[in-house]
There are 2 protein chains.
Amino acid sequence: MNPEKRADIMQATLELIAEHGFHGAPMSLIAERAGVGAGTIYRYFASKDVLINELFLELDEKIKAQILKGYSTARPIRERFLHLSCGLFGYFVEFPLHFRYVEQFHNSPYGAARRRSKILGEAGQDDVFKSLFADGLQQRAMKELPVLSLCSLAFGPMFSAIRDHILGFIELTPSLIAQLAEACWDGVKR
Amino acid sequence: MNPEKRADIMQATLELIAEHGFHGAPMSLIAERAGVGAGTIYRYFASKDVLINELFLELDEKIKAQILKGYSTARPIRERFLHLSCGLFGYFVEFPLHFRYVEQFHNSPYGAARRRSKILGEAGQDDVFKSLFADGLQQRAMKELPVLSLCSLAFGPMFSAIRDHILGFIELTPSLIAQLAEACWDGVKR
DNA sequence: AATGCGGGAATGAACATTCATTCCGACCGG
DNA sequence: CCGGTCGGAATGAATGTTCATTCCCGCATT
């Protein structure tokens, strides 16, 4: 079992699916780009489904780890909100392929079941976003709306903007990111 | 040429793709649900691609027609904004299948080219949304951001909320819709 | 050191399945 | 009968998966 080869396969899958969608990523192409034989993939992953799901989980972990860096629930609500928003913006601008992949994943049979859990978590109790909005409600800092609706107000614009950025229609500079995060805050704040 | 049969085929396509995605809508199933033979579809549509695209165009027209009802560019910016927002909300709550279809379409090779044109228009000159935001900027009623970013702020939350509604996680009552539209306005207003 | 051996890893051609599309015979109104 | 419409089995291309075979490398024997 060669962990490097496993990583190659995952990278090839990420690139192909992010760039060309699930339709454009047959196993034969993945194998070719990874520089392995078609059968080899099945030594590392039981099926294409498993491969796709494991890749998603890996990305999910990386994203979570990244945005939680320097995050403290002790800070004021607004600061916490901006920290997470800018963190996500930054991550996806740095790794556009990850964004495209996660997006594809969610709009597919694979992610259908997992759809519920938006971009991140809500997986059980430890969802940073849910608890941020719950705290915000409790402190009367945010509009009195269902938590999920607050999520929509906060992240809907973000994903839309990131799409535009990746497709080249706008350029997400740090300054624009800050402005957008502020605008989202205007949307959710009381 | 039986126009009724043509409509049946389109309706079957709409339902299957909206409910199960493109993967879950082979021509054989479409034919079965429409109550016609597989070959018959090709008497009405040159190919599956054509069928899918024509269905999209038809929905696009219906949506446009619906939200422009009672719309006047002479009204104040805020009112125009709320009119369009609530119109879209209302339409998609009434026709969830249309929402799901349009969404699937945009996240697929079919809609990739057309991606640029968001949910509606920007097709050429007559895009109501673009001109709304342009007017808003000119009147200094909205934040000084790229028009596309204003679109993101306005419609990102909406689509996210509609998804949640269709998936059954929240219920989009008229009252909640109004609140969300207001919140979106808070996001874009100066 | 050279040789032979064992076994896990890798391979890619072959297979089974799925799907869009085609084609030809059945059917029906006139 | 006959023109045109319809139906659904047949077709061929594409794709996920399997499996018999090859390859590679570490180790034991001489």
Side-chain angles (χ1 to χ4, degrees), chain A residues 1-58 100-101 104-105 107-114, chain B residues 1-58 100-101 104-105 107-114:
Chain A
M1 281 302 189
N2 182 347
E4 217 178 86
K5 208 160 272 197
R6 191 187 143 96
D8 287 346
I9 294 167
M10 282 189 137
Q11 179 65 24
T13 307
L14 169 66
E15 291 173 11
L16 281 174
I17 290 182
E19 283 164 15
H20 304 114
F22 285 96
H23 295 274
M27 292 299 257
S28 54
L29 257 191
I30 292 175
E32 187 182 325
R33 176 171 301 213
V36 302
T40 306
I41 298 177
Y42 289 86
R43 301 197 51 75
Y44 293 89
F45 305 95
S47 69
K48 192 179 187 181
D49 280 23
V50 168
L51 165 59
I52 284 168
N53 276 285
E54 287 208 15
L55 179 50
F56 173 78
L57 290 178
E58 192 178 290
R100 297 284 299 264
Y101 182 87
Q104 296 278 347
F105 183 84
N107 297 313
S108 79
Y110 303 108
R114 190 179 291 277
Chain B
M1 280 300 192
N2 181 348
E4 217 176 88
K5 211 160 270 202
R6 190 188 143 95
D8 287 346
I9 293 168
M10 281 191 137
Q11 179 64 23
T13 307
L14 170 65
E15 292 173 10
L16 281 174
I17 290 182
E19 283 165 13
H20 304 115
F22 286 96
H23 294 274
M27 292 299 258
S28 55
L29 258 191
I30 292 175
E32 187 182 325
R33 175 169 300 212
V36 301
T40 306
I41 297 177
Y42 289 87
R43 302 198 53 73
Y44 293 88
F45 303 95
S47 70
K48 192 178 188 181
D49 280 24
V50 168
L51 165 59
I52 283 169
N53 277 287
E54 285 206 17
L55 179 51
F56 174 79
L57 290 178
E58 192 179 288
R100 297 284 298 264
Y101 182 86
Q104 295 280 345
F105 183 84
N107 296 312
S108 78
Y110 303 108
R114 190 178 293 275

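Order of the sequence lines fixes the chain letters, A, B, ..., with proteins taken first and strands second; residue numbering starts at 1 for each chain.
Atom-to-atom, CE of A/Met1 to P of C/dG8 comes out at 12 Å; the value is rounded to the nearest Å. Rounded to whole angstrom, the span from the NZ atom of A/Lys5 across to the C1' atom of D/dC24 amounts to 11 Å. A/Arg43 places its CZ atom 13 Å from the C1' atom of D/dT18, with the value rounded to the nearest Å. Here the P atom of nucleotide C/dA10 and the CD atom of A/Glu4 are 11 Å apart, to the nearest Å. Look at CD1 on A/Ile41: it is 10 Å from P on C/dT11, rounded to the nearest Å. Following rounding to the nearest Å, A/Glu32 (CD) and D/dT15 (P) show an atom-to-atom distance of 13 Å. Separating the NE2 atom of A/His23 from the P atom of C/dC19 is a distance of 12 Å, rounded to the nearest angstrom. Between the CD1 atom of A/Ile30 and the P atom of D/dT17 there is a distance of 10 Å, given to the nearest Å.
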Do nucleotides 20-26 of chain C as a string where each nucleotide becomes B, S or -: B if the base has a protein heavy atom under 4.0 Å, S if just the sugar-phosphate does, - if no protein is that close.
-> SBB----

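Distance OG1/B/Thr40 to CE/B/Met27: 10.5 Å, rounded to 0.5 Å. Between the CD atom in B/Gln104 and the OG atom in B/Ser108 there is a gap of 8.0 Å [rounded to 0.5 Å]. Atoms CD1 and CD1, on A/Ile52 and A/Ile17 in that order, are 4.0 Å from each other to the nearest 0.5 Å. Between the OH atom in A/Tyr101 and the CG atom in A/Leu55 there is a gap of 4.0 Å [rounded to 0.5 Å]. Atoms CD1 and CD, on B/Ile9 and B/Glu4 in that order, are 11.5 Å from each other to the nearest 0.5 Å. Between B/Leu16 atom CG and B/Gln11 atom CD the span is 10.0 Å, to the nearest 0.5 Å.
Closest approach to the B/Val36 side chain among C/dT11, D/dG7, D/dT5 is made by D/dG7 (side chain taken as heavy atoms from C-beta onward).
Helix bend of the helix from C/dA1-D/dT30 to C/dG30-D/dC1: the angle between its two end axes, each built from five pairs, comes to 20° after rounding to 10°.
In this structure, the side chains of B/Glu32 and B/Leu29 come closer than 4.5 Å at one or more pairs of heavy atoms.
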Could you write out each protein N or O paired with an N or O of nucleotides 27-30 of chain C at a distance under 3.5 Å?
none

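In this structure, A/Tyr44 reaches the C/dA10 phosphate: one of its side-chain N or O atoms is under 4.0 Å from OP1 or OP2.
For residues 11-42 of chain A, every residue pair satisfying the ring pair (Phe, Tyr, Trp, His ring centres under 6.0 Å) rule, not counting sequence neighbours, is listed here: A/Phe22-A/Tyr110, A/His23-B/His23. Residues in residues 6-31 of chain A take part in these salt bridge (charged side-chain N to carboxylate O under 4.0 Å, His left out) pairs, two or more places apart or across chains: A/Arg6-A/Glu54, A/Glu15-A/Arg33. Evaluation of the salt bridge (charged side-chain N to carboxylate O under 4.0 Å, His left out) test over residues 36-51 of chain A, restricted to residues two or more places apart or in two chains, returns none.
Looking only at distances, no side-chain donor or acceptor of B/Tyr44 sits under 3.5 Å from a matching main-chain atom of B/Leu51.
Of all non-hydrogen atoms in B/Ala12 and B/Ile30, the two that sit nearest each other are CB-O, 3.7 Å. The minimum heavy-atom distance linking A/Gly24 with A/Pro26 is given by the pair C-CD, 3.4 Å.
Applying a 4.0 Å cut-off to non-hydrogen atoms, none of the residues of residues 8-19 of chain B approaches DNA chain D.
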